[in-house]
Number of protein chains: 2
Amino acid sequence: MTKARKAILEALKASVQPVTAMMLAKEPSLSYDQATVYRNLHYLEELGMAQSFILHCSEHGTERYYSYRGADSGIHHHWFHCEKCHRFIDLGSCGYDEQMHAWEKKWDFTITDHTFFLTGICSACKA
Amino acid sequence: MTKARKAILEALKASVQPVTAMMLAKEPSLSYDQATVYRNLHYLEELGMAQSFILHCSEHGTERYYSYRGADSGIHHHWFHCEKCHRFIDLGSCGYDEQMHAWEKKWDFTITDHTFFLTGICSACKA
DNA sequence: GGAAAATTTGCGAATGACTTGCAAATTTGT
DNA sequence: ACAAATTTGCAAGTCATTCGCAAATTTTCC
């Protein structure tokens with residue numbers, strides 16, 4: 001595993017919030033080329049050490065957000081996104097496995113991935 | 001309501017599958033400028049007559065897909081996307097209202113929108 | 001440990017979805 | 001039908017993300 005790879009993985013692991021490739025590329029302590037960051041995030045996601053979702057918000061546009069995912073403990077996280085302060089709240093795993101299974105049976109398709117997240121106004125921003 | 005607007009809304013209503021702005025812009029029977037198509041899709045979504053979601057698939061990249069939504073009957077649809085044949089299956093409304101409410105209570109945030117869809121291989125493509 | 005093979009990096013340029021400024025055309029209000 | 005308001009087409013711009021390629025790093029094998 002290369003230096004860049006390791007550093008990016010550590011940054012992901014250390015971050016409480018999901019981050020974009022650009023955020024990591026601009027992080028002074030990393031200072032890897034954006035292409036390198038993008039490539040390594042892809043790589044880490046393929047390995048199953050990172051997970052991502054695409055979010056569009058009026059203020060930041062459309063971007064892919066990455067978060068850490070333990071190699072084995074592989075919990076698929078879902079998030080709430082506050083449109084005001086742009087912070088994320090980790091909702092944990094969605095627990096829809098049963099529902100998914102029901103759908104697979106009903107329609108006879110095979111689910112390889114699911115996307116789920118919420119947007120709204122967080123507690124702090126409501127006040 | 002302008003001619004373009006009406007035509008685009010009709011196209012949406014007529015389409016069984018969610019469509020992208022580009023698909024509509026390239027549709028010979030419509031032949032409106034892409035800017036016009038994009039602007040009107042935004043407009044229709046604001047009105048509540050269209051709904052959309054952003055999907056990334058390896059073959060077609062990242063694009064926003066629109067579908068018709070009756071002005072009042074406003075059912076929020078969710079979809080399964082087949083990665084092979086690129087067709088969508090309408091799953092109807094997700095029926096997670098209770099779960100959402102539970103989350104709102106637990107975290108004290110207000111949900112204004114939710115994104116949910118599945119990807120995988122459809123029945124036909126498995127065979 | 002070191003040289004060759006394989007992979008990765010940085011840079012700059014390209015891609016592709018989507019947006020925007022602006023003048024001309026259409027629609028609306030009266 | 002006329003003036004005001006909105007929308008359209010066009011061309012150029014924006015922005016996240018990707019790609020080609022030569023140089024640098026990592027891995028492999030002896």
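Numbered from 1 within each chain, the chains take letters A, B, ... in sequence-line order. What you see is a predicted model; the values in this text were computed from it and never measured.
- Contacts with DNA chain D (heavy atom under 4.0 Å) in residues 55-64 of chain A: T62(A), E63(A), R64(A), listed by number.
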Tell me which donor-acceptor pairs under 3.5 Å the side chains of residues 37-45 of chain A have, and how far apart each pair is, sequence neighbours excluded?
from, atom 1, to, atom 2, distance (Å)
N40(A), OD1, R5(A), NH1, 2.8
N40(A), ND2, T36(A), O, 3.2
E45(A), OE1, S52(A), OG, 3.2
E45(A), OE2, S52(A), N, 3.1
E45(A), OE2, S52(A), OG, 2.8

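- Pairs passing the salt bridge (charged side-chain N to carboxylate O under 4.0 Å, His left out) check and including a residue from residues 50-60 of chain B, sequence neighbours excluded, do not occur.
- The OH atom of Y66(B) sits 14 Å away from the P atom of dA17(C) (whole-angstrom rounding).
- H114(B) pairs by the ring pair (Phe, Tyr, Trp, His ring centres under 6.0 Å) definition with H76(B), H78(B), not counting sequence neighbours.
- Applying the ring pair (Phe, Tyr, Trp, His ring centres under 6.0 Å) criterion to Y32(A), with sequence neighbours excluded, gives no partner residue.
- Qualifying ring pair (Phe, Tyr, Trp, His ring centres under 6.0 Å) partners for Y96(A), counting only residues two or more places apart in sequence or in other chains: F116(A), Y96(B).
- Without hydrogens or angle criteria, Q51(A) side chain to Y68(A) main chain gives no donor-acceptor distance under 3.5 Å.
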Note to self: So if I define the base as every atom that isn't primed, P, OP1 or OP2, how would nucleotides 4-10 of chain D read as a B/S/- string at a heavy-atom cutoff under 4.0 Å?
What the structure shows: ---SBBB

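- Note on residues 76-99 of chain A: no pairs pass salt bridge (charged side-chain N to carboxylate O under 4.0 Å, His left out), not counting sequence neighbours.
- Remark: T62(A) pairs with H56(A) by the side-chain hydrogen bond (donor to acceptor under 3.5 Å, both in side chains) rule, at least two apart or across chains.
- Here M1(B) lies in heavy-atom contact (under 4.0 Å) with sugar-phosphate atoms only.
- With rounding to whole Å, L30(A) atom CG is found 11 Å from dG10(C) atom P.
- Every pair passing salt bridge (charged side-chain N to carboxylate O under 4.0 Å, His left out) that includes a residue from residues 102-126 of chain A is listed here, sequence neighbours excluded: D108(A)-K126(B), K126(A)-D108(B).
- Taking the C1' atoms of five terminal pairs at each end of the helix from dG1(C)-dC30(D) to dT30(C)-dA1(D), the two resulting helix axes are inclined by 50°, rounded to 10°.
- Remark: H81(A) engages H86(A), F88(A) in a ring pair (Phe, Tyr, Trp, His ring centres under 6.0 Å) (not counting sequence neighbours).
- Rounding to whole angstrom units, NE2 of residue H42(B) and C1' of dT20(C) are separated by 12 Å.
- Considering only side-chain N and O atoms, Y38(B) lies under 4.0 angstrom from the phosphate OP1 or OP2 of dC18(C).
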